[in-house]
Amino acid sequence: MRTFGHFDYVIAGAGAAGCVLANRLSADPDVSVLLLEGGGKDDWLWIHIPVGYLFCIGNPRTDWCYKTEPEPGLNGRTINYARGKGLGGSTSINAMIYMRGQARDYDEWAALTGDDGWAWENVLPMFRRSEDHWRGASDIHGSGNEWRVERQRLRWDILDRFAEAAEQAGIPKTADFNGGDNSGVGAFEVNQKRGLRWSSSKAFLRPALNRPNLAVVTGALIETLSMEGRRATGVVFQRDGVRQLACSGGEVILAAGSLGSPAILQRSGIGDAGHLQTLGIPVVLDAPGVGANLQDHLQLRSVYRVQGIKTLNQQANSLWGKFVMGMDFALRRRGPLTMAPSQLGLFARSGEAVATPDLEYHVQPLSLDKFGDPLHRFPAFTASVCNLRPKSRGHVRITGRDPHLAPAIAPGYLSHPEDRLKAVSALRLTRRIVAQPALAPFSPEEHLPGTDVQSDDELLKAAGDIGTTIFHPVGTCKMGVRDDHGAVTDSRLRVRGIDGLRVVDASIMPTITSGNTSSPTIMIAERGARMILADRKKRTM
């Protein structure tokens with residue numbers, strides 16, 4: 001095995017968190033940083049054109065192309081489970097929606113970890129620290145920083161009418177989803193810059209690439225941690241068929257995401273002892289929480305045919321429509337090629353007893369049978385709704401020591417009875433919104449799940465038939481207090497029982513945020529970098 005080099009910090013994973021960490025840690029010229037990424041560079045055209053997610057998801061060039069195990073809650077279906085592959089990670093292929101979640105999410109983290117640093121009032125400055133918001137600086141938003149947030153560069157009459165219908169159903173308009181209470185209906189803001197995708201790689205990594213103390217290596221597939229007893233001293237990785245060792249004199253930081261980080265730990269002998277022994281992996285630390293506590297947002301996609309109003313289905317199925325879209329993008333950086341997958345958002349409560357919104361809608365001026373299929377030839381819109389705070393829990397487990405082997409992913413969708421009840425309520429709320437007068441002129445007709453589905457049992461089965469991931473896996477290396485035996489990290493993101501090792505990515509979330517998860521992960525990395533640098537200062541004093 002070849003020795004690649006010695007560094008103060010070795011970061012595994014160049015996604016949302018890893019790019020932030022590389023930037024913040026290498027800002028100190030006295031600190032040497034190595035960033036390892038299993039995928040390639042983000043130099044493909046379709047990464048940067050917003051609608052290019054259609055070509056990136058499911059493509060082994062930019063997606064690890066995972067699949068779940070057969071899911072009982074999805075009526076035994078196996079679904080695709082996209083994860084970004086390459087610089088920028090999933091921020092290079094995701095929906096680009098800027099969403100922080102709710103204040104109650106972070107206050108809950110503070111309670112679960114015993115650390116007020118995770119409370120909303122204390123993480124808000126971390127969000128602002130990264131942000132370059134189109135509205136400018138305020139008590140809520142930041143300006144002039146790396147993480148660009150813009151308004152979308154197109155609108156659709158059908159979405160405006162849906163928003164009116166939501167108001168008629170009792171859901172008020174909102175101008176900003178990111179002030180701590182995301183109640184209401186309004187346009188999503190996006191991580192774009194002048195009509196192009198703005199990934200964590202563009203925002204945080206590219207400005208730091210010329211620093212002599214930062215090394216970035218792509219195509220580096222992590223095998224295991226290098227250990228001395230119960231201290232992490234580096235990372236063993238494969239590149240071009242050669243095994244190499246990168247040594248760390250300070251800390252190893254896992255930022256490989258909610259699937260990648262627990263997989264690296266498990267391959268290194270840190271995980272559930274029984275599972276590791278069945279794979280012949282020597283147990284370094286029996287930590288049953290590694291890979292457990294998997295949470296995700298399950299979206300239920302209701303599709304409605306309409307008449308007398310434009311949707312993307314007609315435009316995308318017309319040669320002239322495609323030409324117009326291409327010219328609009330080429331000349332003005334506007335129009336459907338700048339589209340995030342969803343333009344209209346809606347946050348609502350599933351019942352009167354719920355204090356803050358527990359349902360999120362992603363409403364789209366298009367329809368298809370499933371991701372990767374062509375758009376329907378009839379005009380239609382899709383109203384996808386997800387339970388923001390699922391009680392169901394799943395797991396991710398490696399299937400062998402070879403890092404090329406895909407992990408076994410079992411999200412456990414709809415395994416909790418409360419989630420099943422909420423799925424039925426969500427589908428009924430969708431119908432109530434669509435039945436409002438604002439949409440009546442367009443004769444909406446339910447295509448999925450279909451008007452023949454009426455009883456609670458029928459709706460629950462339909463939820464299993466149409467439900468799919470919205471790509472928000474979190475929680476598999478959750479942080480928590482010492483007596484929480486499922487907690488993998490402490491509130492400073494240090495792996496319990498192992499020195500010199502942290503996890504800094506979405507896997508540390510003890511509970512999922514009430515919304516899209518990429519920007520909360522950016523915040524976690526901002527806070528994690530400060531912790532790492534503060535601890536370094538203590539060691540060198």
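The model shown is predicted, which means the values in this text are computed figures rather than measured ones.
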Undergrad: CZ/F7 to OG/S32 distance, rounded to the nearest 0.5 angstrom?
TA: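 So the CZ of F7 and the OG of S32 are separated by 6.5 Å.
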
Undergrad: Mark yes or no for whether R496, through its side chain, and M479, through its backbone, hold a donor-acceptor pair below 3.5 Å.
TA: no

Undergrad: Between Q168 (side chain) and A163 (backbone), is there a donor-acceptor pair under 3.5 Å?
TA: no

Undergrad: Within a strict 4.5 Å, meaning less than it, do heavy atoms of the I532 and R502 side chains meet?
TA: yes

Undergrad: When rounded to the nearest 0.5 angstrom, what is the spacing between CG in N23 and OG in S200?
TA: 10.5 Å

Undergrad: With distance as the sole test, does R301 use its side chain to make a donor-acceptor pair with the main-chain N or O of L368 at under 3.5 Å?
TA: yes

Undergrad: Side chains of F127 and H141: closer than 4.5 Å at any heavy-atom pair?
TA: no

Undergrad: Who are the side-chain contact (heavy atoms from CB on, under 4.5 Å) partners of P379, not counting sequence neighbours?
TA: V306, T311, Q314

Undergrad: Heavy-atom count around R428 CZ within 6.0 Å, excluding the residue itself: above 12?
TA: yes

Undergrad: So which atom in I433 and which in A169 form the shortest heavy-atom distance, rounded to 0.1 Å?
TA: CG1-CB, 4.1 Å

Undergrad: I'd like to check the side-chain contact (heavy atoms from CB on, under 4.5 Å) partners of T469; sequence neighbours left out, ordered by chain and number.
TA: I79, Y81, D296, Y413, F471

Undergrad: Quick check against the 3.5 Å criterion: does T521 have a side-chain atom that pairs as donor or acceptor with the backbone of A16?
TA: no

Undergrad: Assess, by modelled atom type and distance only, whether the side chains of D358 and S350 contain a donor and an acceptor separated by less than 3.5 Å.
TA: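 Their side chains do contain a donor-acceptor pair, which is all the 3.5 Å distance test asks for.
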
Undergrad: Distance only, no hydrogens: is a donor on one side chain within 3.5 Å (strictly under) of an acceptor on the other, for D419 and N387?
TA: yes

Undergrad: So do W118 and M509 actually touch side chain to side chain, heavy atoms under 4.5 Å?
TA: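 In short, these two side chains do not touch, never coming nearer than 4.5 Å.
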
Undergrad: Just verifying a value: how many Å separate M99 CE and N516 CG, rounded to the nearest 0.5 Å?
TA: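 The distance works out to 5.5 Å.
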
Undergrad: Would you call E131 and R100 a salt bridge, using N to O less than 4.0 angstrom?
TA: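 Between R100 and E131 there is a salt bridge, with a charged N closer than 4.0 Å to a carboxylate O.
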
Undergrad: Under the criterion side-chain contact (heavy atoms from CB on, under 4.5 Å), I'd like the reasoning laid out for I524 against L493: C-alpha separation, chi angles, the key distance, then a yes or no.
TA: CA-CA 10 Å; I524 288 168; L493 312 185; 4.2 Å; yes

Undergrad: Locate the shortest heavy-atom distance separating L388 from G515; write the atom from each residue and the value.
TA: CD2-N, 3.5 Å

Undergrad: With no hydrogens and no angle check, just 3.5 Å: does a side-chain donor-acceptor pair link R492 and T113?
TA: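 Looking only at side-chain atoms, T113 and R492 do not form any donor-acceptor pair under 3.5 Å.
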
Undergrad: Can you tell me if E37 and T218 form a side-chain donor-acceptor pair at under 3.5 Å?
TA: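 Checked: E37/T218 side chains show no N/O donor-acceptor pair below 3.5 Å.
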
Undergrad: Which atom names give the shortest non-hydrogen contact between L21 and A255, and what distance separates them?
TA: CD1-CB, 4.1 Å

Undergrad: Between the side chains of R211 and S26, is a donor N or O closer than 3.5 angstrom to an acceptor N or O?
TA: yes

Undergrad: Does D63 reach the main-chain N or O of G58 with its side chain, forming a donor-acceptor pair under 3.5 Å?
TA: yes

Undergrad: Less than 4.5 Å apart, any side-chain heavy atom of F188 and any of L344?
TA: no

Undergrad: Could you pull out all residues at least two apart from D484 that satisfy side-chain contact (heavy atoms from CB on, under 4.5 Å)?
TA: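 If we apply the side-chain contact (heavy atoms from CB on, under 4.5 Å) test to D484, skipping adjacent residues, the hits are K478, V481, A487.
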
Undergrad: Report the C-alpha distance between F347 and F177 in whole Å, list the side-chain angles of each, state the deciding distance to 0.1 Å, and finish with yes or no for ring-ring contact (aromatic ring centres under 6.0 Å, His included).
TA: CA-CA 9 Å; F347 290 81; F177 287 125; 5.1 Å; yes

Undergrad: Is there a donor-acceptor pair under 3.5 Å between the side chain of R61 and the backbone N or O of G39?
TA: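 Checked: no pair found.
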
Undergrad: Report the distance from atom CG of L300 to atom CD1 of I470, rounding to the nearest 0.5 Å.
TA: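 One finds 10.0 Å between CG of L300 and CD1 of I470.
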
Undergrad: Using modelled atom types only, decide if a donor and an acceptor are shared between the side chain of S425 and the backbone of L421 within a distance under 3.5 Å.
TA: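 Confirmed, S425 side chain pairs with L421 backbone.
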
Undergrad: Could you check whether W44 and T62, counting side-chain N and O atoms only, form a donor-acceptor pair closer than 3.5 Å?
TA: no

Undergrad: Hey, what do you get for CG (L366) to CZ (F381), rounding to the nearest 0.5 Å?
TA: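 These two atoms lie 11.5 Å from each other.
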
Undergrad: Find out whether N178 and E189 are in side-chain contact, i.e. whether some heavy atom of one side chain is under 4.5 Å from a heavy atom of the other.
TA: yes

Undergrad: Are D132 and K193 close enough, and set up right, to give a salt bridge (charged side-chain N to carboxylate O under 4.0 Å, His left out), and what steps lead you there?
TA: CA-CA 10 Å; D132 182 20; K193 197 163 192 176; 5.1 Å; no

Undergrad: Does the distance from a Lys or Arg side-chain N to an Asp or Glu carboxylate O, for R161 and E164, drop under 4.0 Å?
TA: yes

Undergrad: Out of curiosity, N122 CG to W109 CH2, how far, rounded to the nearest 0.5 Å?
TA: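 The distance works out to 13.5 Å.
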
Undergrad: Might you point out which heavy atoms bring A340 and A95 nearest each other, and give the distance in Å?
TA: CB-O, 3.2 Å

Undergrad: May I have the step-by-step check of side-chain contact (heavy atoms from CB on, under 4.5 Å) for R104 and T513, ending in yes or no?
TA: CA-CA 9 Å; R104 56 135 347 252; T513 54; over 6 Å; no

Undergrad: Considering only NZ, NE, NH1 and NH2 on the basic side and carboxylate oxygens on the acidic side, decide whether K310 and D157 come within less than 4.0 Å.
TA: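 No, K310 and D157 are not salt-bridged.
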
Undergrad: Are E360 and S384 side-chain neighbours, meaning at least one heavy-atom pair lies under 4.5 Å?
TA: no

Undergrad: Write out all pairs satisfying salt bridge (Lys or Arg N to Asp or Glu O under 4.0 Å) with one or both partners inside residues 332-348, taking only residues at least two apart or from two chains.
TA: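 Sorted result for residues 332-348: D328-R332.
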
Undergrad: Does Y106 have any side chain to side chain donor-acceptor pair (under 3.5 Å) partners at least two apart in sequence or in another chain, and if so, which?
TA: none

Undergrad: Within the structure provided, determine whether L533 and R530 are in side-chain contact (heavy-atom separation under 4.5 Å).
TA: no

Undergrad: Test the R83-W64 pair against the cation-pi criterion, namely NZ or CZ under 6.0 angstrom from the six-membered ring centroid and within 45° of the ring axis.
TA: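 Not satisfied by the 6.0 Å and 45° rule.
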
Undergrad: Tell me whether R197 forms a cation-pi arrangement with W46, defined as NZ or CZ under 6.0 Å from the six-membered ring centre and within 45 degrees of its axis.
TA: no

Undergrad: Under 3.5 Å, is there a donor on one side chain and an acceptor on the other for S261 and D505?
TA: yes

Undergrad: Can you see which heavy atom on T476 is nearest to which on S258, and at what distance?
TA: OG1-O, 2.6 Å

Undergrad: Are side-chain N/O atoms of N145 and S130 paired as donor and acceptor at under 3.5 Å?
TA: no

Undergrad: Are the side chain of E146 and the backbone of F204 linked by a donor-acceptor contact shorter than 3.5 Å?
TA: no

Undergrad: Counting only N and O atoms by type, is there a donor-acceptor contact under 3.5 Å from the side chain of R393 to the main-chain atoms of P390?
TA: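 Yes: the side chain of R393 pairs with the backbone of P390.
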
Undergrad: Apply side-chain contact (heavy atoms from CB on, under 4.5 Å) to residues S519 and W147 and explain how you reach the verdict.
TA: CA-CA 9 Å; S519 289; W147 199 224; 2.9 Å; yes

Undergrad: For the residue pair S342 / Y361, report whether a side-chain donor-acceptor contact shorter than 3.5 Å exists.
TA: no

Undergrad: Would you say F162 and L439 make side-chain contact, with heavy atoms under 4.5 Å?
TA: yes

Undergrad: Please step through side-chain contact (heavy atoms from CB on, under 4.5 Å) for the pair W156 and M339, ending with a clear verdict.
TA: CA-CA 11 Å; W156 294 88; M339 281 176 58; 4.1 Å; yes

Undergrad: For the side chain of N182 and the backbone of S514, is there at least one donor-acceptor N/O pair under 3.5 Å apart?
TA: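 Looks like yes, one N/O pair under 3.5 Å.
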
Undergrad: For residues G195 and E150, report the shortest heavy-atom separation together with the two atoms involved.
TA: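 Nearest heavy atoms, G195 then E150: N-OE1, 4.2 Å.
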
Undergrad: A380: what forms a side-chain contact (heavy atoms from CB on, under 4.5 Å) with it, not counting sequence neighbours?
TA: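 Residues passing side-chain contact (heavy atoms from CB on, under 4.5 Å) with A380: V303, N313, S367, F378.
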
